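Here is the structure we will look at, set down as structure tokens.
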Amino acid sequence: MAALGEFELIERFFRRPTRHSVLGVGDDAALLAPSPGALLAVSVDMLVSGRHFFADVDPEALGHKTLAVNLSDLAAMGAKPRWALLAGALPEADSNWLAAFARGFFALADAFEVDLVGGDTTRGPLNLCVTILGEVPAGEALLRSGARQGDAIYVSGTLGDAALAVAHHRGRISLGTDELRRCETALLRPTPRVALGERLRGIASAAIDLSDGLAGDLGHVLDASGVGATLQLAAIPRSEALNLRLRGTERALALECLLAGGDDYELCFTAPESRATDVDALARALPLALTRIGVIEKRAGLAVVDEEGRALPSLPRAFDHFAR
Ligand code: ADP
Ligand code: MG
């Protein structure tokens with residue numbers, strides 16, 4: 001394989017015609033023209049080899065996920081994703097790997113009409129960092145701080161499967177072939193809930209995307225809003241694979257995956273009771289499962305009530321990179 005220089009690499013794999021940018025890849029900075037009346041929603045996420053993904057991960061899936069986790073953040077704000085920047089450290093310039101990575105990345109960028117407008121490329125331990133920019137009408141962004149007593153709490157999709165796949169790879173559980181395939185898809189190919197986020201503007205009182213697990217992420221909403229919550233364990237949407245473990249000897253692990261698993265990239269949002277019919281209509285229109293899992297309470301703290309109506313004595317801890 002011919003050696004690939006830094007600029008050749010950028011030219012070949014990351015410079016694409018843009019759809020809605022004044023100037024994209026190739027100069028010292030990109031030039032963007034935000035829509036009148038819109039605020040820019042900006043977020044950055046880093047994926048580190050060995051920490052966020054297994055080093056031998058399929059590069060196409062990694063390209064997908066690198067962008068997906070960022071799109072998910074904008075979805076949680078109710079913003080429309082428009083532009084992305086990609087900074088990467090690569091151990092080597094392997095064209096097969098890069099071609100596959102770019103395929104996964106641009107397939108998702110195309111699906112959401114996001115322009116890649118710049119980045120940075122260096123040699124180093126595999127590490128990928130995307131900055132995403134989107135737009136949201138001023139005053140309409142979904143914040144973590146808007147939940148109010150009596151609001152219903154919802155989540156999209158199902159939770160826990162990505163964590164179940166990780167548990168399988170770590171030898172903590174053994175999934176069947178079909179189960180593993182489904183859980184792997186959840187782990188490697190999360191679908192960012194962008195359309196949901198945009199359409200929740202004016203309906204949801206607060207929102208967050210679930211990257212570190214339901215208990216911890218919902219906890220951020222509760223803290224920001226100065227409220228508490230009660231969740232019904234039985235109501236939390238889960239796959240058949242997870243449900244099976246929840247009813248068996250692997251219940252503790254299943255609970256951990258469901259409540260603190262991480263990597264779900266579903267949205268958790270709150271909405272006043274008066275908007276319940278709007279949420280149901282949205283679920284049908286998208287179509288996407290939007291499940292009511294609990295209610296916002298005045299008293300602080302998060303309680304999860306089990307199938308017998310008893311509060312779980314303790315909740316599995318959310319992922320924390322610096323937890324001791
Ligand atoms: P500078 O040295 O001025 O920071 P670089 O030489 O790092 O610029 O990059 C050249 C051009 O290629 C810039 O427009 C930069 O945004 C873009 N670029 C570099 N790496 C990537 C990448 N991985 N994906 C997209 N664009 C990139
Ligand atoms: Mg540079």
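Numbers here are sequence positions counted from 1. Predicted model, so just to flag it, every value in this text is computed and none were measured. Start at 1 and go down the list; that is how both ligands and their atoms are numbered.
The hydrophobic clustering, which links ILVMFWY residues whose side-chain heavy atoms are closer than 4.5 Å, places Leu74 and Trp83 apart.
Backbone and side-chain nitrogen or oxygen atoms of Leu116 are examined, and none is located within less than 3.5 angstrom of a nitrogen or oxygen of ligand 1.
Those atoms of ligand 1 with a heavy atom of Gly118 less than 4.0 angstrom away are 16 (O), 24 (N), 25 (C), 26 (N), 27 (C). Close contacts between ligand 1 and Phe14 involve ligand atoms 23 (N), 24 (N), 25 (C) [criterion: under 4.0 Å to a heavy atom].
One distance of note links CG of Leu90 with CZ of Phe101; it measures 8.0 Å at 0.5 Å rounding.
Using a cut-off of 4.0 Å between Lys/Arg side-chain N and Asp/Glu carboxylate O, Arg19 and Asp110 are scored as salt-bridged.
If you look at Thr121 next to ligand 1, the close heavy atoms, those under 4.0 Å, come from the backbone and the side chain alike. At a heavy-atom cutoff of 4.0 Å, ligand 1 is contacted by the backbone of Asp27 but not by its side chain.
A side-chain donor-acceptor contact under 3.5 Å links His52 to the backbone of Val48.
Contacts classified as side chain to side chain donor-acceptor pair (under 3.5 Å) and involving residues 220-234 (residues at least two apart or in different chains) are given here: Thr230-Glu297, Thr230-Arg299.
Val25 and Gly118 make their closest contact through CG2-N, 3.6 Å (heavy atoms, listed as atom of the first residue, atom of the second, distance).
Of the listed residues (Leu98, Asp120, Val130), the one carrying the non-hydrogen atom nearest atom 7 (O) of ligand 1 is Asp120.
Ligand 1 lies less than 4.0 angstrom from a heavy atom belonging to Gly26. Heavy-atom separations between Phe7 and ligand 1 include at least one value shorter than 4.0 Å.
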